[in-house]
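Read through the structure below, which is laid out as structure tokens, and then see the notes.
Residue numbers begin at 1 in each chain, while the letters A, B, ... track the order of the sequences. As the structure is a prediction and not an experimental result, all values here were calculated from the model.
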Amino acid sequence: MPELPEVETTRKGIEPYLVDVIVDRVVIRQPMLRWPVTPELPTRLAQQVIRSVTRRGKYIAIHTDVGTMIVHLGMSGSLYLVDQKTEALFHDHVDIILGSGKCLRYTDPRRFGSILWTEEDWFAHPLIRSLGPEPLTDEFNVDYLTAQAKSRKKPIKTFIMDSKIVVGVGNIYANEALFMSGIRPDKPAGGISKKRLALLVDNIKTILSAAIKQGGTTLKDFVGGDGKPGYFKQNLSVYGRAGEPCVNCQKALIESRLGQRSTVYCPACQK
DNA sequence: CTCTACCCCTGTCTGC
DNA sequence: TGCAGACAGGGGTAGA
């Protein structure tokens with residue numbers, strides 16, 4: 001499940017093989033992703049030179065002079081380079097065939113991801129326009145979060161997972177950041193002191209940057225192979241550990257559901 | 001405006 | 001062993 005660190009690691013991994021490279025053609029085997037792949041994509045992208053590869057939240061953007069391809073990896077998507085001769089498997093839905101002899105391949109068993117084409121400024125695209133700040137920038141700070149949380153009743157976990165508030169905090173890191181901050185996931189966002197929100201902001205930044213750093217060092221093949229970024233087996237304190245002892249106090253961790261998402265916390269350490 | 005439930009999809013796991 | 005059902009999850013969207 002690509003969270004922001006995985007997405008950024010993917011962007012960094014594919015960027016060197018794309019910038020200044022011309023697209024030969026585009027092959028779409030399965031257009032039915034989260035939304036249908038933009039039908040014009042193959043004709044518009046063909047013969048264009050890729051100028052840059054950027055990211056906003058969990059969206060990756062591949063820019064040309066005439067438009068931008070926007071990719072979201074969804075739950076199970078991956079984007080990687082293969083040799084053009086590499087045979088496509090069942091879940092290999094889209095190939096961007098490059099003039100370099102390589103091929104940027106999009107694989108997504110569950111098809112929760114999306115591939116779209118836009119010819120306007122991509123920051124103006126409906127999916128991108130209303131996104132909140134990037135968690136690792138100064139724009140995401142305690143003053144901002146406090147202002148946003150003011151008089152909000154929704155649980156703090158659901159709140160920080162809302163991409164309009166801040167992008168890139170998925171379920172795993174939301175659980176972990178709240179544990180690190182000693183905050184119960186179901187506490188209404190508006191009722192948490194500024195001091196504790198400051199701690200939360202710091203911990204979100206810490207955990208995401210640590211995961212990105214780890215991804216940068218443990219990640220292997222974006223070229224050849226199966227392209228799977230190999231998941232970071234970082235030490236998770238609460239996620240996936242329901243019923244097991246808290247790493248701090250040994251009490252059994254509790255699992256509940258918030259906003260249809262699995263939520264794990266320590267009943268003693270988180271208040 | 002705020003919030004919750006639902007839905008898209010399929011590989012993997014659990015229970016009968 | 002086989003099969004049905006639950007579950008995982010980002011995030012848009014409908015409806016309360």
Side-chain angles (χ1 to χ4, degrees), chain A residues 1-11 28-38 55-61 70-79 89-94 106-116 118 122 124-135 145-178 185-192 204 208 211 226-233 236 238-243 255-264:
Chain A
M1 60 234 50
E3 297 249 4
L4 184 136
E6 288 88 329
V7 176
E8 174 59 14
T9 305
T10 295
R11 189 198 67 76
I28 300 176
R29 297 184 199 83
Q30 169 58 277
M32 296 313 292
L33 304 181
R34 168 88 202 259
W35 298 287
V37 177
T38 310
R55 179 188 61 77
R56 179 78 175 89
K58 293 180 184 173
Y59 294 91
I60 291 174
I70 302 174
V71 182
H72 195 292
L73 300 177
M75 270 293 297
S76 55
S78 57
L79 205 49
L89 302 177
F90 185 60
H91 294 302
D92 297 340
H93 306 312
V94 177
Y106 178 79
T107 302
D108 188 0
R110 295 187 197 173
R111 292 196 264 133
F112 262 36
S114 51
I115 297 184
L116 301 170
T118 182
W122 85 294
H125 190 277
L127 292 178
I128 308 298
R129 196 166 44 201
S130 53
L131 293 178
E134 292 286 328
L145 197 67
T146 308
Q148 291 293 318
K150 192 175 188 313
S151 72
R152 297 287 295 266
K153 295 202 175 73
K154 91 164 28 175
I156 184 66
K157 174 162 176 273
T158 319
F159 181 72
I160 59 172
M161 287 178 69
D162 181 348
S163 62
K164 289 183 183 57
I165 301 303
V166 58
V167 297
V169 182
N171 196 38
I172 296 173
Y173 295 121
N175 277 301
E176 295 297 317
L178 288 167
D186 59 354
K187 238 186 131 33
I192 300 174
I204 288 173
L208 289 178
D226 60 3
K228 289 214 179 85
Y231 285 115
F232 323 109
K233 303 231 160 69
L236 298 175
V238 286
Y239 182 81
R241 297 194 61 240
E255 174 154 36
S256 68
R257 298 191 77 77
L258 282 177
Q260 316 296 104
R261 294 291 180 270
S262 154
T263 303
V264 187

Please verify the inter-ring angle class for A/Tyr106 with A/His93; under 30° counts as parallel, over 60° as perpendicular, anything in between as tilted.
tilted

Quick one: label [X] by what it contacts on the DNA or RNA (base, sugar-phosphate, nothing), any heavy atom closer than 4.0 Å.
X: A/Ser262; answer: sugar-phosphate
X: A/Tyr59; answer: sugar-phosphate
X: A/Leu127; answer: sugar-phosphate

Could you go step by step and tell me if A/Leu116 and A/Leu127 meet the side-chain contact (heavy atoms from CB on, under 4.5 Å) rule?
CA-CA 10 Å; A/Leu116 301 170; A/Leu127 292 178; 3.5 Å; yes

Under 4.0 Å from OP1 or OP2 of [N]: is there any side-chain N or O of [X] that close?
X: A/Tyr173; N: C/dG10; answer: no
X: A/Arg34; N: C/dG10; answer: no
X: A/His91; N: B/dC9; answer: no
X: A/His72; N: C/dG11; answer: yes
X: A/Arg111; N: B/dC8; answer: no

Given B/dC3, B/dC6, C/dA8, identify the nucleotide with an atom nearest to the side chain of A/Gln260.
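Looking only at side-chain atoms, A/Gln260 lies closest to B/dC6.
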
Winner on side-chain proximity to A/Glu255, out of C/dA8, B/dT2, C/dG12, is C/dA8

Give the rounded distance in Å between these two atoms: [atom1] of [X] and [atom2] of [N].
X: A/Phe112; N: C/dA8; atom1: CZ; atom2: C1'; result: 9 Å
X: A/Trp35; N: C/dG10; atom1: CH2; atom2: C1'; result: 9 Å
X: A/Ile172; N: C/dC7; atom1: CD1; atom2: P; result: 18 Å
X: A/Lys154; N: B/dC1; atom1: NZ; atom2: P; result: 14 Å
X: A/Arg257; N: C/dA8; atom1: CZ; atom2: C1'; result: 9 Å
X: A/Arg56; N: C/dG11; atom1: CZ; atom2: C1'; result: 15 Å
X: A/Asp108; N: C/dA8; atom1: CG; atom2: C1'; result: 14 Å
X: A/Glu6; N: C/dG10; atom1: CD; atom2: P; result: 10 Å

Using 0.5 Å steps for rounding, measure from the OG1 atom of A/Thr107 to the CD atom of A/Gln30.
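Taking OG1 in A/Thr107 and CD in A/Gln30, the distance rounds to 12.5 Å.
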
Give, for atom CD of A/Gln148 and atom CD1 of A/Ile165, the distance between the pair rounded to the nearest 0.5 Å.
4.5 Å

Starting from the 5' end of DNA chain B, give me the residue, A/Arg261 or A/Ser151, whose nearest nucleotide shows up first.
A/Ser151

Is a side-chain donor or acceptor of A/Arg29 paired with a backbone partner of A/Asp92 at a separation under 3.5 angstrom?
yes

Does A/Arg110 get its side chain close enough to the base of C/dG10, under 3.5 Å, for a donor-acceptor pair?
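No, the side chain and the base share no sub-3.5 Å donor-acceptor pair.
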
